[in-house]
Amino acid sequence: TDHHKSGQSSIAGLIDASLVLRHSIHMNSIRNPASSSKYDYHMYALVHKTKAASCAPALERAGFTILLVEPPLSAKDIRGDELRKKIHREVCCGADEFIKLYAYTHMSHHPLVVHLDIDFLFQKPMDDIFDVMLWNENSSGDPTVLEATKARIEREDDTDPWPSDIQAMMVRDYHSSFGQGRKSGFQAGFWVLKPSQTHYNKLIEIIREGNYTGGFGRDNGWGGLGYGGFVGAMAMQGLVAYYYDVFVPGTWVELNNCRHNSVSASIFKNGKCKSGRPHCEDCRFTPVANITSIHYTACRKPWTCIATKTSDPNNSFPRKYSIPVDIVDYDHCMELQAVWHDMRADLENKLYALTKDERIAGGQKGTYNQQFFRGHCSEDQSKGYLSIAGGVEEILQRIPDLYSTTT
């Protein structure tokens, strides 16, 4: 919404984010033969019935099946005092964020669900991940093929044993963790899972019990085991890490956080990897071509047109409206911005080929930092963002027609 705690969201921006996300998924699916993917997709949007229902029509027009939901529980349902009294303060959305848990139950007719935040983009297909997770369902395959497929999946630690039945793949949020042997949360913007009523029920009961210790020590957070104090700890980022580590260990795979769900921010403290491993990739310098999926958080939202460094002596914008160069590499971030705007430009080009509507060019006439924003920004900050097709409804309504056949 316009009041998202990041300060970087607007209704117009979120509409375009949903369109570009969907386009990136389409371009990396079987519907685009150039992708070489064999997997199709169906788009769903979990929409808060009370607080975000006004967003539903735009998402539906973008091709999402709308699932209007209320959170599975509220703060008053939590028995533990610490969590019940403070969950409303948690980034991003307090107890409302638990609607993400419906990914386990509301799409259960699909073998796999990929849950994403809307500020996300795919550069490559995820066929290897899907193949490995579905291997038990396709167990007649050649075991040597399975091993070769596993070897292509970029994990955080290639020496970790592979689960026999993979229930989920995800990344940890090392950037927001304390390091020095402390627990790291789950990065809640990306999550590949097998639907499961059992996992859902267990997670809801953990929340309801509310066994959460306040503070920032090693015995804080969920279960008093250190899953607390970092960004999102009381909500999904802490809960999911606690659940998969403590209750169902050995059922999930940790993917390389520089290649999947890449935030592209520092994961070091005092020169050491926050993961506790002796060596780790510096996500700030991972070649962009090697990244499968991008999560626009530390590098800011592409529709905010932010290109001003926090270190710029002439910068009058607050930190959250600037590129935080103390934790990211500016050039790398701006290269990632260009990836999003290139994907949007590809959508616009295909939309023009379909409609021949000259008004589409209205969203491409910006001159601010064109090398990054590709004509979609007229000045720094959200007020400079030019919407797809100028936001003209009759043009936007044609976008689903782009996906009715292969690209």
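Note that the CD1 atom of Ile207 and the OH atom of Tyr243 stand 11.5 Å from one another [nearest 0.5 Å]. Atom CZ of Arg182 is separated from atom CG of Asn220 by 6.0 Å, given to the nearest 0.5 angstrom. Note that CG of Asp117 is 9.5 Å distant from CE of Met236, once rounded to the nearest 0.5 Å. Here OG of Ser36 is found 10.5 Å from CG of Asn28. Values are rounded to the nearest 0.5 Å. The line from OG of Ser37 to CZ of Phe122 is 11.0 Å long, rounded to the nearest 0.5 Å.
Salt-bridge formation is detected for the pair Arg344/Glu348: a Lys NZ or Arg NE/NH1/NH2 atom is positioned less than 4.0 Å from an Asp or Glu carboxylate oxygen. Salt bridge annotation for Glu254-Arg277: present, with a cationic side-chain nitrogen under 4.0 angstrom from a carboxylate oxygen. Remark: Asp128 does not engage Lys150 in a salt bridge, criterion side-chain N to carboxylate O under 4.0 Å. With respect to the salt-bridge test (charged N to carboxylate O, under 4.0 angstrom), the residues Arg359 and Glu394 qualify. Under 4.0 Å is where a charged nitrogen must lie from a carboxylate oxygen, and between Arg398 and Asp357 no such pair does. Checked for salt-bridge contact, Asp401 and Lys350 miss the test: no charged N lies under 4.0 Å from a carboxylate O. Salt-bridge annotation for Arg374 and Asp346: absent, with no side-chain N of the basic residue lying under 4.0 Å from a carboxylate O of the acidic one.
The side-chain hydrogen bond (donor to acceptor under 3.5 Å, both in side chains) search around Thr65 returns His42, not counting sequence neighbours. For Tyr104, the side-chain hydrogen bond (donor to acceptor under 3.5 Å, both in side chains) test picks out Tyr244, with sequence neighbours left out. Under the side-chain hydrogen bond (donor to acceptor under 3.5 Å, both in side chains) criterion, Glu97 pairs with Lys100, sequence neighbours left out. Shown here are the salt bridge (Lys or Arg N to Asp or Glu O under 4.0 Å) partners of Asp96, two or more places apart in sequence or in another chain: Lys51. Applying the side-chain hydrogen bond (donor to acceptor under 3.5 Å, both in side chains) criterion to Thr159, with sequence neighbours excluded, gives Asp157. Considering only residues two or more places apart in sequence or on other chains, Glu379 meets the salt bridge (Lys or Arg N to Asp or Glu O under 4.0 Å) condition with Lys383.
Of all the heavy atoms in Ile291 and Cys258, the pair that sits closest is CG1-O, 3.6 Å. The shortest non-hydrogen separation linking Val240 to Met170 is CG1-SD, 4.0 Å.
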(Q) As a quick check of understanding, evaluate side chain to side chain contact (heavy atoms under 4.5 Å, CB included) for Leu14 and Ile118, giving each step before the final call. (A) CA-CA 7 Å; Leu14 290 172; Ile118 207 164; 3.7 Å; yes
Q | side chain to side chain contact (heavy atoms under 4.5 Å, CB included) assessment of Ile327 paired with Arg284 | A | CA-CA 8 Å; Ile327 61 170; Arg284 295 170 295 180; over 6 Å; no
Q. Asp77 and Ser74: side-chain hydrogen bond (donor to acceptor under 3.5 Å, both in side chains), yes or no, with the steps?
A. CA-CA 6 Å; Asp77 299 315; Ser74 62; 3.3 Å; yes
Q: Could you walk me through whether Ser264 and His332 pass the side chain to side chain contact (heavy atoms under 4.5 Å, CB included) test, one step at a time?
A: CA-CA 8 Å; Ser264 298; His332 195 256; 3.4 Å; yes
Q: Could you walk me through whether Lys274 and Gln180 pass side chain to side chain contact (heavy atoms under 4.5 Å, CB included), step by step?
A: CA-CA 6 Å; Lys274 289 186 180 182; Gln180 300 176 319; over 6 Å; no
Q: Show the numbers, then the answer: is there a ring-ring contact (aromatic ring centres under 6.0 Å, His included) between Trp222 and Tyr212?
A: CA-CA 4 Å; Trp222 294 95; Tyr212 190 97; 5.5 Å; yes
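Taking the six-membered ring where tryptophan is involved, the planes of His106 and Tyr102 are tilted, since the angle between them lies from 30° to 60°.
Screening Ile323, Val263, Thr310 for a side-chain contact (heavy atoms from CB on, under 4.5 Å) with Val328, the sole residue that qualifies is Ile323. A side-chain contact (heavy atoms from CB on, under 4.5 Å) with Leu347 is found for one member of His26, Met27, His23 and no other, namely His23. A side-chain contact (heavy atoms from CB on, under 4.5 Å) with Leu255 is found for one member of Arg172, Met169, Met126, Gln187 and no other, namely Met169.
Side-chain polar atoms of Asn201 and Gln197 form a donor-acceptor pair below 3.5 angstrom. Defined by atom type and a distance below 3.5 Å, a donor-acceptor pair is present between the side-chain atoms of Asn315 and Ser322. Between Arg22 and Tyr41, the side chains place a donor N or O and an acceptor N or O closer than 3.5 Å (distance only, hydrogens not considered). Side-chain contact, His110 with Tyr44: a donor N or O sits under 3.5 Å from an acceptor N or O. Donor-acceptor pairing under 3.5 Å is recorded for the side chains of Glu70 and Thr50. Residues Thr286 and Glu281 bring a donor and an acceptor atom of their side chains to less than 3.5 Å of each other. Counting only N and O atoms by type, the side chains of Tyr368 and Asp380 include a donor and acceptor under 3.5 Å apart. Side-chain contact check for Ser35 and Asn32: no donor-acceptor pair (N or O, by modelled atom type) lies under 3.5 Å. Side-chain atoms of Gln167 and His199 include a donor-acceptor pair closer than 3.5 Å.
The side-chain heavy atoms of Pro195 and Tyr200, taken from C-beta on, include no pair separated by under 4.5 Å. Within the 4.5 Å cutoff, side-chain heavy atoms of Ile267 are placed close to those of Cys280.
A cation-pi contact, defined as under 6.0 Å to the ring centre and within 45° of the axis, is absent between Lys301 and Tyr296. Judged by the 6.0 Å distance and 45° axis criteria, Lys183 is positioned over the aromatic ring of Tyr227. Relative to the ring axis of Tyr39, Arg31 does not place its NZ or CZ within 45° and under 6.0 Å from the centre.
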